[in-house]
Number of protein chains: 2
Amino acid sequence: MGATKTDHFTETQNQIAVLAKALGHPARVAIIEYLMSVDSCICGDIVNVLPLAQPTVSQHLKELKNAGLIKGNIEGNAICYCIDQNALETLKSYFSVISTSLMKKKYSCC
Amino acid sequence: MGATKTDHFTETQNQIAVLAKALGHPARVAIIEYLMSVDSCICGDIVNVLPLAQPTVSQHLKELKNAGLIKGNIEGNAICYCIDQNALETLKSYFSVISTSLMKKKYSCC
DNA sequence: AAACTATATCGTAATATTGCAATATAAAAA
DNA sequence: TTTTTATATTGCAATATTACGATATAGTTT
């Protein structure tokens with residue numbers, strides 16, 4: 001069918017999946033890294049940095065925004081995008097907990 | 001066209017995207033969480049824990065394995081799956097660096 | 001106002017994902 | 001050896017994603 005059964009999973013599982021899915025494309029990872037590399041949020045530029053056509057980049061930005069990973073403000077002519085710190089913090093915490101917990105267990109049967 | 005332009009991005013960008021994509025479905029997040037919740041790696045059970053049919057679960061497991069997030073060993077009748085610590089460590093580090101770096105910048109123009 | 005700039009949306013083709021019934025495989029138990 | 005148990009594979013339908021040309025929108029500059 002192709003439609004994800006969202007309602008069968010926990011809030012957290014769905015939230016992590018949404019964030020992870022948004023980062024499940026190298027272009028979108030590249031966008032985040034670019035937004036990191038510039039000190040403040042940046043208006044424009046993003047299209048010129050990526051090896052993709054403008055509509056494609058626009059679409060990727062939309063997906064990042066829908067997932068809550070970035071925010072965008074209209075700034076006159078251009079649009080100012082920047083990373084949503086909360087979303088990144090969520091991912092950091094989630095994987096920190098898992099990874100740390102794994103190390104404590106020293107579990108390695110495979 | 002629908003085919004990701006993998007070759008235009010960095011090694012890291014592609015690696016993170018592969019791992020993130022694998023976690024881009026709540027069922028696969030749930031699988032990781034279940035593997036965490038049991039102390040050692042577990043043979044069987046996974047199908048009974050998820051609200052999905054056996055072939056669907058099998059497919060999700062395959063994707064997690066292809067992405068390098070889990071490992072599987074044949075254990076007689078059953079198969080023993082467990083989390084690949086390295087992959088989780090990679091994700092932890094990646095998001096830690098970004099999140100910490102963001103906090104230092106205290107960048108919040110949007 | 002006309003031209004330019006930055007970004008979004010529409011339409012569409014190619015491909016990928018999700019889900020499952022049916023079936024295959026292979027080890028274990030009877 | 002037949003049956004049971006655990007998992008994988010195949011085939012297929014429904015849907016989603018990726019990419020981009022063409023076009024729209026809206027602010028800026030001239």
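Letters A, B, ... are given to chains in the order of the sequence lines, protein chains preceding strands, and every chain is numbered from 1.
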State which of [options] makes the closest approach to the side chain of [X].
{"X": "A/His60", "options": "D/dT7, D/dA19, C/dA8", "answer": "D/dA19"}
{"X": "B/Gln59", "options": "C/dG19, D/dA16, D/dT9", "answer": "C/dG19"}
{"X": "B/Gln54", "options": "D/dT7, D/dA16, C/dT7", "answer": "D/dT7"}
{"X": "A/Thr56", "options": "D/dT17, D/dC20, D/dT9", "answer": "D/dC20"}
{"X": "A/Lys62", "options": "D/dA8, D/dT18, C/dT9", "answer": "C/dT9"}

Over 60° means perpendicular and under 30° means parallel, so tell me whether B/Phe9 and A/His25 are parallel, tilted or perpendicular. perpendicular
What is the distance, rounded to the nearest whole Å, between atom [atom1] of [X] and atom [atom2] of [N]?
{"X": "A/Leu50", "N": "C/dA6", "atom1": "CG", "atom2": "P", "answer": "16 Å"}
{"X": "B/Asn66", "N": "C/dT17", "atom1": "CG", "atom2": "P", "answer": "10 Å"}
{"X": "B/Leu52", "N": "C/dA21", "atom1": "CG", "atom2": "C1'", "answer": "15 Å"}
{"X": "B/Glu63", "N": "D/dT7", "atom1": "CD", "atom2": "P", "answer": "18 Å"}
{"X": "A/His25", "N": "C/dA16", "atom1": "NE2", "atom2": "C1'", "answer": "11 Å"}
{"X": "A/Leu61", "N": "C/dA6", "atom1": "CG", "atom2": "P", "answer": "15 Å"}
{"X": "B/Asp45", "N": "D/dT5", "atom1": "CG", "atom2": "P", "answer": "15 Å"}
{"X": "B/Ile46", "N": "D/dA8", "atom1": "CD1", "atom2": "C1'", "answer": "14 Å"}

Please check if the side chain of A/Thr100 supplies one atom and the backbone of A/Ser96 the other of a donor-acceptor pair under 3.5 Å. yes
Which is it for B/Leu64 and B/Asp84 under the side chain to side chain contact (heavy atoms under 4.5 Å, CB included) test, yes or no, and what are the steps along the way? CA-CA 10 Å; B/Leu64 285 171; B/Asp84 185 312; over 6 Å; no
Whether the A/Asn73 and A/Tyr81 side chains hold a donor-acceptor pair (N or O, under 3.5 Å, no angle test) is what I'd like checked. no
Taking 4.0 Å as the cut-off, does a side-chain nitrogen or oxygen of B/Lys21 come that near to OP1 or OP2 on C/dA16? no
N/O (side chain, B/Tyr81) to phosphate O (OP1/OP2, D/dA6) under 4.0 Å: no
What does the list of N/O pairs under 3.5 Å between the protein and nucleotides 26-30 of chain C look like, with a distance for each?
{"from": "C/dA27", "atom 1": "O3'", "to": "B/Asn77", "atom 2": "N", "distance (Å)": "3.4"}

Which heavy atom in [X] sits nearest to a heavy atom in [Y], and how many Å separate them?
{"X": "A/Ala22", "Y": "A/Glu63", "result": "CB-O, 4.4 Å"}
{"X": "A/Ile31", "Y": "A/Leu50", "result": "CG1-CD1, 3.5 Å"}
{"X": "B/Val38", "Y": "A/Lys105", "result": "O-NZ, 3.9 Å"}

